[in-house]
Every structure is written in structure tokens, then in C-alpha cells.
Amino acid sequence: MRSNDVRSLLQAAVPTAVAGALAAVISALVVGGKGALGAVIATLLAIAFMGIGFVVLQRTAKSLPHLFQAMGLMLYAAQILLLFVFLAAFKNTTLFHPKAFAITLVVTTLVWIGAQTRAHMKAKILYVEPDSMKGDKPENSGPKS
């Protein structure tokens, strides 16, 4: 991964982790240990899903740039659908507090999307990557004299 990709990934993951930690503290205060556990699991799940999606999208951009926008839209739709599948699957669990899990999952996903959008807007990404010249003069495309 390029350095600006890693920077964008960190700029999305760190605020998400902070929001998850805050949600874990609030859940622990409101519903106890099971609420904190649900918030932690939801945070890890959101970071994993969104991080994997980010990596897949960057690889798609590198290898198939003509599919980048369509892949991005499909990837976000698939991520949101998978997160809702997890919400439905753990709706009646006794391992952790399902409401704290659900709220934290939605909040951390929204924080990730917002932070990733902000990181992309602030990134200085070249539209054209300059070729390395290695000291050679570029050839003229005009007629030779």
C-alpha cells in the first residue's frame, strides 16, 4: 500500500476506535459489562469490515481503475448489508447487550465513513503520476530536423 493509502486508513481507523471506546464507556455506565463487551465487539467488527473494504478498493483502483467507482458503490452497499446481517444475527444474544452492540455498530460505521470522507478531501493525491526521467531528455513528438 502506498503511504497516502496508509495515512487515509489511519485517519479513518483512529476516530472510529475513539468513538468505539467512548461507546464502550457509555455502554458500561448505562447497562454494565455486557454493554461494554457489545460495544467493543461492534467497534472491532466495524473497523475490520471497513478496513478490509478500504484495502480491496485500493487494490481495485490499482489493478482495474475503470471499475473503481462502481466497485466503491458496490462495496459500501455490501458492507452495510453485511453489518445489518450481523445486527439481525445477534439480535437475541445473551453474550452481550444487543442494543449497545447495534447502536455502537451503526455509530462507528458512520464515524468511519465520515472520517474516510474527510481524509480523502484533505489528501493531496496526484491525478497523474509523473514518470521518472532518470536524467534523459524527453523525446520531441514533432518532426526531427
Side-chain angles (χ1 to χ4, degrees), residues 1-139 141:
M1 242 201 276
R2 296 184 309 225
S3 65
N4 61 344
D5 293 341
V6 173
R7 191 176 314 115
S8 293
L9 184 62
L10 285 175
Q11 288 176 346
V14 170
T16 304
V18 169
L22 184 62
V25 169
I26 292 170
S27 297
L29 292 174
V30 174
V31 292
K34 286 191 175 199
L37 181 62
V40 168
I41 292 171
T43 301
L44 294 175
L45 189 65
I47 290 173
F49 269 34
M50 300 308 262
I52 290 169
F54 181 83
V55 171
V56 167
L57 197 57
Q58 293 309 314
R59 287 182 186 233
T60 300
K62 186 184 286 184
S63 62
L64 302 166
H66 59 283
L67 294 178
F68 179 72
Q69 187 174 19
M71 183 67 166
L73 292 171
M74 191 277 309
L75 187 66
Y76 278 126
Q79 286 173 331
I80 296 299
L81 286 174
L82 282 172
L83 290 175
F84 282 122
V85 166
F86 269 86
L87 285 173
F90 290 108
K91 185 169 70 170
N92 297 320
T93 187
T94 58
L95 178 64
F96 49 80
H97 195 271
K99 199 169 196 176
F101 172 77
I103 292 170
T104 303
L105 189 58
V106 170
V107 167
T108 53
T109 300
L110 292 174
V111 167
W112 178 283
I113 291 170
Q116 188 177 8
T117 302
R118 183 180 183 276
H120 181 71
M121 296 298 286
K122 292 182 69 87
K124 301 202 182 330
I125 300 171
L126 296 174
Y127 290 99
V128 177
E129 293 187 25
D131 291 333
S132 61
M133 297 302 287
K134 298 181 184 177
D136 296 336
K137 290 183 182 179
E139 293 183 26
S141 61

Hey, could you give me each pair passing ring pair (Phe, Tyr, Trp, His ring centres under 6.0 Å) that has a residue in [range]? Not counting sequence neighbours.
{"range": "residues 57-84", "value": "none"}
{"range": "residues 10-34", "value": "none"}
{"range": "residues 26-49", "value": "Phe49-Phe86"}

- Message: Once side chain to side chain contact (heavy atoms under 4.5 Å, CB included) is applied, do any residues pair with Ala17, and if so which ones, sequence neighbours excluded?
- Response: Ile47
- Message: Strictly by side chain to side chain donor-acceptor pair (under 3.5 Å), give each pair with a member in residues 31-43 just once, sequence neighbours left out.
- Response: none
Please round to the nearest 0.5 Å and tell me the distance separating atom [atom1] of [X] and atom [atom2] of [Y].
{"X": "Met50", "Y": "Leu9", "atom1": "CE", "atom2": "CG", "value": "11.5 Å"}
{"X": "Ile52", "Y": "Leu57", "atom1": "CD1", "atom2": "CG", "value": "13.5 Å"}
{"X": "Lys122", "Y": "Thr117", "atom1": "NZ", "atom2": "OG1", "value": "13.5 Å"}

Only pairs under 3.5 Å count here: list side-chain donor-acceptor contacts from residues 24-33, not counting sequence neighbours, and write none if there are none.
from	atom 1	to	atom 2	distance (Å)
Ser27	OG	Ala23	O	2.8

Sequence neighbours left out, cut at 3.5 Å: what donor-acceptor pairs do the side chains of residues 100-112 make with other protein atoms?
from	atom 1	to	atom 2	distance (Å)
Thr104	OG1	Ala100	O	2.7
Thr108	OG1	Thr104	O	2.7
Thr108	OG1	Leu105	O	3.3
Thr109	OG1	Leu105	O	2.7
Trp112	NE1	Gln116	OE1	3.0

- Message: Looking at every non-hydrogen atom in both residues, tell me the closest pair between Gln11 and Ala115 and how far apart they are.
- Response: O-CB, 3.5 Å
